[in-house]
Number of protein chains: 2
Amino acid sequence: MSRLKQITEAVRDAGSLGVADLASLTGASEMTIRRDLEVLAAQGVLERYRGGARSLLLRGSEPPFALRSDDNTAAKRRIAAAVAALIADGESVVLDSGTTCLEVARLLHDRRLTVMPLSLHAVNALSSSSTLTLLVPGGRPRPGELALTGPLALASLQALRFDTAVIGCCGLSAEHGLTAFDLEDASVKRAAITSARRVIAAVDASKLTRTALAHVVPVSALDAVVTDAEGDDGLTAAGVAVVTA
Amino acid sequence: MSRLKQITEAVRDAGSLGVADLASLTGASEMTIRRDLEVLAAQGVLERYRGGARSLLLRGSEPPFALRSDDNTAAKRRIAAAVAALIADGESVVLDSGTTCLEVARLLHDRRLTVMPLSLHAVNALSSSSTLTLLVPGGRPRPGELALTGPLALASLQALRFDTAVIGCCGLSAEHGLTAFDLEDASVKRAAITSARRVIAAVDASKLTRTALAHVVPVSALDAVVTDAEGDDGLTAAGVAVVTA
DNA sequence: AGTTTCGAACATCACTGATGTTCAATCACG
DNA sequence: CGTGATTGAACATCAGTGATGTTCGAAACT
């Protein structure tokens with residue numbers, strides 16, 4: 001686990017912690033801890049005060065992109081590979097924001113497809129491809145996440161029709177459907193789903209036990225769920241094809 | 001001058017050249033030349049054949065972004081600084097693609113503004129800013145240049161009104177107005193100009209003696225031209241404020 | 001006023017990317 | 001079909017960059 005994440009979690013669990021505590025916890029020097037706190041404060045994870053820092057992470061909010069991106073990479077890669085295998089050459093694909101979908105983007109780099117990613121991270125991963133047609137939606141990028149949101153993003157999606165939408169999420173259950181932490185994200189996801197003929201949700205196991213604030217769609221709107229979990233949680237019963245990566 | 005540019009120009013001037021020639025010209029090993037040719041071929045600058053490469057650069061086309069970006073940086077920085085000084089805090093700005101405008105973007109990073117850049121390079125330069133409101137237009141990024149074009153870009157621009165447009169170009173003269181190499185770019189520039197109350201053109205000296213294929217607007221559509229050249233070329237007579245950086 | 005904390009500046013180190021060298025495989029041409 | 005030139009993969013080397021630690025003067029609490 002990276003030191004940044006270690007600090008984030010220690011501060012979150014304790015509410016607030018001193019620089020010296022964090023230094024002895026991580027084994028790094030106090031100067032390094034201060035530099036880390038500066039980075040995390042810039043990301044909005046915590047707030048510094050003289051001598052330490054206090055957490056700003058609320059329950060129900062999401063840790064920032066940079067800290068999630070190397071979480072569980074193995075599972076994400078497997079899920080992404082399974083998703084990529086479901087996509088046929090020549091298709092047009094809208095690709096959601098989030099770390100799992102970013103892995104999907106990397107796998108699509110040399111494919112022959114039309115892709116519209118909903119986050120600038122994925123746009124950057126794909127912008128050097130010479131084989132695929134890249135479409136950028138408009139919008140206001142959310143800091144850190146770089147997910148495109150707002151009326152421009154919705155308008156871009158409404159103007160187009162895709163063969164497939166690949167959607168990530170923060171929570172998924174047969175009961176509560178697909179949920180997201182951010183309200184704006186939720187409406188973008190919904191617009192993406194509406195614009196696509198087929199909807200694939202890419203969901204790692206941890207999301208299947210979680211429900212987030214914003215409801216996006218019921219599971220009946222999904223055609224397939226790709227996950228690394230064993231349990232099914234009633235998804236098949238709801239008429240969704242579950243693919244285990 | 002970078003070795004890549006040296007190779008590009010030597011091949012362009014000779015039509016085609018051998019690997020050994022390029023190695024002795026640049027002082028690098030043949031292996032390095034081969035790797036360079038691979039890069040340049042991927043950018044569409046030239047075409048490789050066994051033993052050498054032949055140029056693909058047509059007269060009237062533009063060398064790729066990566067080769068222009070560290071050309072004349074001093075002049076670009078000065079122009080960019082003068083442009084940034086013309087923009088007041090709180091304004092909304094649409095920022096054209098191109099290397100000069102990318103320098104402007106870097107200077108706007110910590111300002112309090114609303115900015116919509118028309119190229120992904122500038123988007124990336126600004127996406128880490130916490131002070132400004134960043135808007136991304138939709139569109140299809142042109143390879144290399146990463147300038148956003150097409151109906152989505154036009155729609156994004158038509159949906160908004162800006163205080164200021166900062167426009168780069170490939171050619172500018174009192175007689176032929178503002179011109180660009182790429183037709184799609186030209187319509188995006190025109191849409192940006194139409195959506196803005198005030199139009200500033202950022203133009204280095206080399207552009208003032210050049211005219212490109214696509215006509216964008218006459219000089220009368222410009223409010224100010226920021227340049228590093230001494231000569232005026234009849235711009236002032238056409239009613240444009242000329243700022244010499 | 002005294003003590004603690006902070007951050008700028010420099011030193012150090014690991015790592016990445018660029019370049020060169022070697023050599024087996026491939027290609028073009030006679 | 002053979003021969004010599006050309007290519008690119010693999011490894012070695014080196015410089016530049018980024019991360020970390022140390023020091024020390026300045027700033028902030030008590």
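Since the model is a prediction, treat every value here as computed from it, not as a measurement. In what follows, every chain begins at residue 1, and chains take the letters A, B, ... in the order their sequences are listed.
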Under 4.0 Å between a Lys/Arg side-chain N and an Asp/Glu carboxylate O for [X] and [Y]?
{"X": "B:Glu103", "Y": "B:Lys76", "answer": "no"}
{"X": "B:Glu30", "Y": "B:Arg35", "answer": "no"}
{"X": "A:Lys207", "Y": "A:Asp204", "answer": "yes"}

Whole-Å gap separating [atom2] ([N]) and [atom1] ([X]):
{"X": "A:Tyr49", "N": "D:dT30", "atom1": "OH", "atom2": "P", "result": "12 Å"}
{"X": "A:Glu38", "N": "D:dT20", "atom1": "CD", "atom2": "P", "result": "13 Å"}
{"X": "B:Glu30", "N": "C:dA18", "atom1": "CD", "atom2": "P", "result": "21 Å"}
{"X": "B:Asp36", "N": "C:dA18", "atom1": "CG", "atom2": "C1'", "result": "10 Å"}
{"X": "A:Ile33", "N": "C:dT5", "atom1": "CD1", "atom2": "C1'", "result": "15 Å"}
{"X": "B:Leu4", "N": "C:dG17", "atom1": "CG", "atom2": "P", "result": "17 Å"}

Kindly say if [X] contacts the phosphate of [N], meaning a side-chain N or O under 4.0 Å from OP1 or OP2.
{"X": "A:Ser29", "N": "D:dG21", "answer": "yes"}
{"X": "B:Arg35", "N": "C:dT21", "answer": "no"}
{"X": "B:Arg50", "N": "D:dG8", "answer": "no"}
{"X": "B:Arg34", "N": "D:dT7", "answer": "yes"}

Query raised in the report: Out of C:dC6, D:dT7, D:dA9, which has the shortest distance to the side chain of A:Val19?
Result: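 Of C:dC6, D:dT7, D:dA9, C:dC6 is nearest to the side chain of A:Val19.
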Query - Listed nucleotide nearest any side-chain atom of A:Met31, set D:dT20, C:dC6, C:dA8 - result: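 The nucleotide sitting nearest to the side chain is C:dA8.
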Requested in this report: Could you tell me whether the side chain of A:Asp182 and the main chain of A:Asp185 form a donor-acceptor pair under 3.5 Å?
Outcome: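 Judged by distance alone, yes, a pair lies under 3.5 Å.
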